[in-house]
Amino acid sequence: MRLIEIEAWGLKGRDLAHDLEPVAFFTGPNGWGKTTRLQTVEAALRDYHGVPPYVTGKAKVRLTFDAPLVVERTFSGGRQRLLVTPDDRGGVRENQAYLEHVLGLSPEVWDLGVFLGLSAAGRVEYLAGVAGRAAVMDREQALSVLDNAPDEIRRELEALWTDGMDVLAWTQRAKAALKDLYTHYNRRRKEAKAALGQFAVAADAAGQQAGVLKQQLAQLRQQHEELVSRQAAARAEARERTRLERDLDEVRRKITRYEALATDTAAAEQELEAVNRELADLVIPDGDVNALRKELEKLNALREDLIARTRLLEQRQQDTDEKIRMLSDGVCPVCGATGAHVSMVLAQTRDRLVNIRTEAGRVGADLQAVAVRIRETTDRMDDVLFQRDLARAKKNKLTAKRDELTEQIKRLRAAAQELDELRKKAAELEQTLENLPEVQDETVNAAQLEALKERIRDLESRIARYEEARAQGLAYERTLQDRDKAEDAFEAVKRLRVALKDLERDVMAGALKPVEAAADELLDACGEDFRFRVDADVPNIGLQRGNLWIPYEALSGSEQALAGAALTYALAVVGDRPWKVLLLDGIEALDDERVPRFLRGIMNLTESGRLDNALLAGILRPQPELLPQNIIVSMGPGACNPGNRLGG
């Protein structure tokens, strides 16, 4: 898809419009808008989630493609609006995701400046993440590194992989988890080694002593339970009588209260009858609100008509006054006549002015009368609505009161029915109390019971000490097992850390191949013998000639610019997206010998279909005859301008 025209209004306070060939090189002095042309494309296609930093005030940019497709973005008040026309249904879309889908845009192509500011390791991870859109390794392949890991560690690392995650993101989480596991199992190893020297083997002797004491404890507990059960039986009889007496008192109180409710029922029924009568007598005024509204609409329409007539008469009066002024000079402004003809026309014009003023006065009086009628009608309608709302509010209040009284009467009548049941229950409780036997006073020797408790506590304490000694002997064996498990897990964690590092290197190497191939394509087109390479082991990026690999930081300024251009091109085309555009500013960073080769290489890529559009900007220094003439767009006076189809 070709970009054929760019337009901008108010961008950096300027307006611009250009037709475009597939390759355009904007050149000229500083401050003449070279970068602005590139920013026009960027502002139209890139979502800044607000306003780009180089946009001040109101601005609008528009890109036209040969599809046909028009992308227009408007900026105002810190906000933006995107229009994509026509969409796949012939309508309009206001959606960045749709724009990126249609043009095959990738947000990463705008981040070259951020990329070059990253550390060497950050650059490699960034490129792998960009190129890794096409998966280079699936989940099962990545998790195969856990095959020989202990189950506990394998489950924990597998759980770190969530839906939508790629291999590199998982390895980062897994490495962080392994770091914690390394510390955990190392601590367990050390603790187990320290604990092994603290245990004594006394489990058998302690177990025998504990057995004897447990037999004695069982006998004492049996005696204690017998005494407690006898005491509990006596207390249960007393509690049962107390409960029955309490229930009888409660029933009697309810009977007294329900007998008093009979009077409340009669009063509630009388109040309900009064509310029903008041509701029946209530009248809700219903004035003709719709008629008043229609009358008000007619009056407003009449007022608008009178206002329009007043304005027309004022205009006619001004025109007549102007004509009188011109006739007062003694010459007819229409035919140029003088004398009697002018006097006659002047008299007629003054008569017309009198008629206009008379008509204006009449219209003004009508307008005042209509305004009075509007106020009166509005007051009448407000009064009708107010009276109706008052009546409705009263009706709602009375209705709520009626419902409340109805519910209260239902409850009171239900209580009256329950009264008979309560009387029957009271009689049953009285009979049950009469039939209960007298409470037997069971004498329990409290001192004997307390002595039993003290002996039981002493035996329990002695048994606990023997059990603790026996547990220490058993813990010795468990500690040996824990130490062996911790040693195995510790070694497994160390192996997994190495395996994850190897996996990460393999994934990045596979993901970076498309980036290197695309960057080399640009270098080949420009006639360069450098190769663009990413060393994931170092990690760093750079250029390679033969067997000599030069990291980015060691390149010359021109070579760094060439590497950056190749990387920008690679980010734009990796994954073979349907539409590709290359935006490069500051081409003068290349040396004078490379500029012509670079521009011809860009043209070769567009002619071969590997690049749809290229918009370049920079100050032109070498001789014009060395450059492709049909792509130069001069931006200022005195700049090289041969073959410039677009104008300066």
Side-chain angles (χ1 to χ4, degrees), residues 1-9 11 15-27 33-47 59-74 80-107 109-110 518 521-522 525 565 568-585 599-617 628-635 643-648:
M1 188 181 298
R2 297 281 189 184
L3 177 62
I4 60 177
E5 184 180 12
I6 62 173
E7 298 172 275
W9 296 268
L11 187 65
D15 297 342
L16 62 91
H18 278 311
D19 295 333
L20 293 178
E21 294 293 339
V23 180
F25 178 34
F26 298 100
T27 185
K34 302 184 298 298
T35 301
T36 303
R37 268 63 179 174
L38 273 61
Q39 288 175 343
T40 300
V41 179
E42 186 179 16
L45 299 181
R46 181 179 182 180
D47 186 6
K60 180 169 70 174
V61 293
R62 178 189 297 156
L63 305 184
T64 304
F65 298 87
D66 60 356
L69 180 72
V70 176
V71 179
E72 181 176 290
R73 203 184 293 264
T74 305
Q80 59 165 303
R81 183 185 182 191
L82 171 66
L83 297 177
V84 182
T85 56
D87 64 2
D88 50 6
R89 299 180 181 178
V92 180
R93 291 286 183 97
E94 301 185 33
N95 185 279
Q96 179 71 19
Y98 177 76
L99 174 64
E100 294 177 357
H101 168 71
V102 171
L103 297 182
L105 296 178
S106 171
V109 303
W110 312 111
E521 192 175 33
L522 177 71
T568 304
Y569 171 79
L571 293 177
V573 303
V574 68
D576 195 23
R577 295 179 175 86
W579 178 74
K580 301 167 286 293
V581 62
L582 182 63
L583 302 178
L584 287 177
D585 197 3
L599 295 178
R600 291 193 184 93
I602 295 298
M603 292 185 66
N604 292 336
L605 291 173
T606 59
E607 292 171 356
S608 64
R610 292 298 297 153
L611 186 64
D612 289 337
N613 286 93
L615 275 69
L616 318 173
Q629 302 300 311
N630 60 323
I631 70 169
I632 300 175
V633 182
S634 176
M635 300 303 301
N644 180 10
R645 183 179 65 82
L646 303 178

Peer 1: Would you name the heavy atoms of N604 and A525 that are closest together and state the gap between them?
Peer 2: ND2-O, 3.8 Å
Peer 1: Below 4.5 Å, heavy atoms only, C-beta onward: do D66 and M1 meet side chain to side chain?
Peer 2: yes
Peer 1: Does the side chain of V61 come within less than 4.5 Å of E7's, by heavy atoms?
Peer 2: no
Peer 1: Going by heavy atoms in the side chains, are F26 and T36 under 4.5 Å from each other?
Peer 2: no
Peer 1: Could you report the tightest heavy-atom contact between P86 and L69, atom names first, then the distance?
Peer 2: O-CD1, 3.7 Å
Peer 1: Are the side chains of W9 and R62 in touch, meaning some heavy atoms are under 4.5 Å apart?
Peer 2: yes
Peer 1: Do you know the tightest heavy-atom contact between I602 and A614?
Peer 2: CG2-CB, 3.4 Å
Peer 1: F65 and side-chain contact (heavy atoms from CB on, under 4.5 Å): which partner among V70, I4, L103?
Peer 2: L103
Peer 1: So, applying side-chain contact (heavy atoms from CB on, under 4.5 Å) with L522, which one of L611, T568, L605 is it?
Peer 2: L605
Peer 1: Can you tell me how far CG of L45 sits from CG of L583, rounded to the nearest 0.5 angstrom?
Peer 2: 8.0 Å
Peer 1: Take T40 and L11 through the side-chain contact (heavy atoms from CB on, under 4.5 Å) test and state the conclusion after the steps.
Peer 2: CA-CA 8 Å; T40 300; L11 187 65; 3.3 Å; yes
Peer 1: Can you spot which of L582, L20, L584 makes a side-chain contact (heavy atoms from CB on, under 4.5 Å) with L615?
Peer 2: L20
Peer 1: Check A617 against D585 and note the closest heavy-atom contact, atom names and distance.
Peer 2: CB-OD1, 3.4 Å
Peer 1: What distance do E72 atom CD and L63 atom CG have between them, rounded to the nearest 0.5 Å?
Peer 2: 10.0 Å
Peer 1: Could you check R46, H101, R73 and say which one makes a side-chain hydrogen bond (donor to acceptor under 3.5 Å, both in side chains) with Q96?
Peer 2: R73
Peer 1: I'd like to know if the side chain of R2 and the backbone of D612 have a donor-acceptor N/O pair within less than 3.5 Å.
Peer 2: yes
Peer 1: Any side-chain heavy atom of Y569 sitting closer than 4.5 Å to one from R610?
Peer 2: yes
Peer 1: So how far is it from K34 NZ to F25 CZ, rounded to the nearest 0.5 Å?
Peer 2: 9.0 Å
Peer 1: With distance as the sole criterion, is a donor-acceptor pair present between the side chains of D47 and Q80 under 3.5 Å?
Peer 2: yes
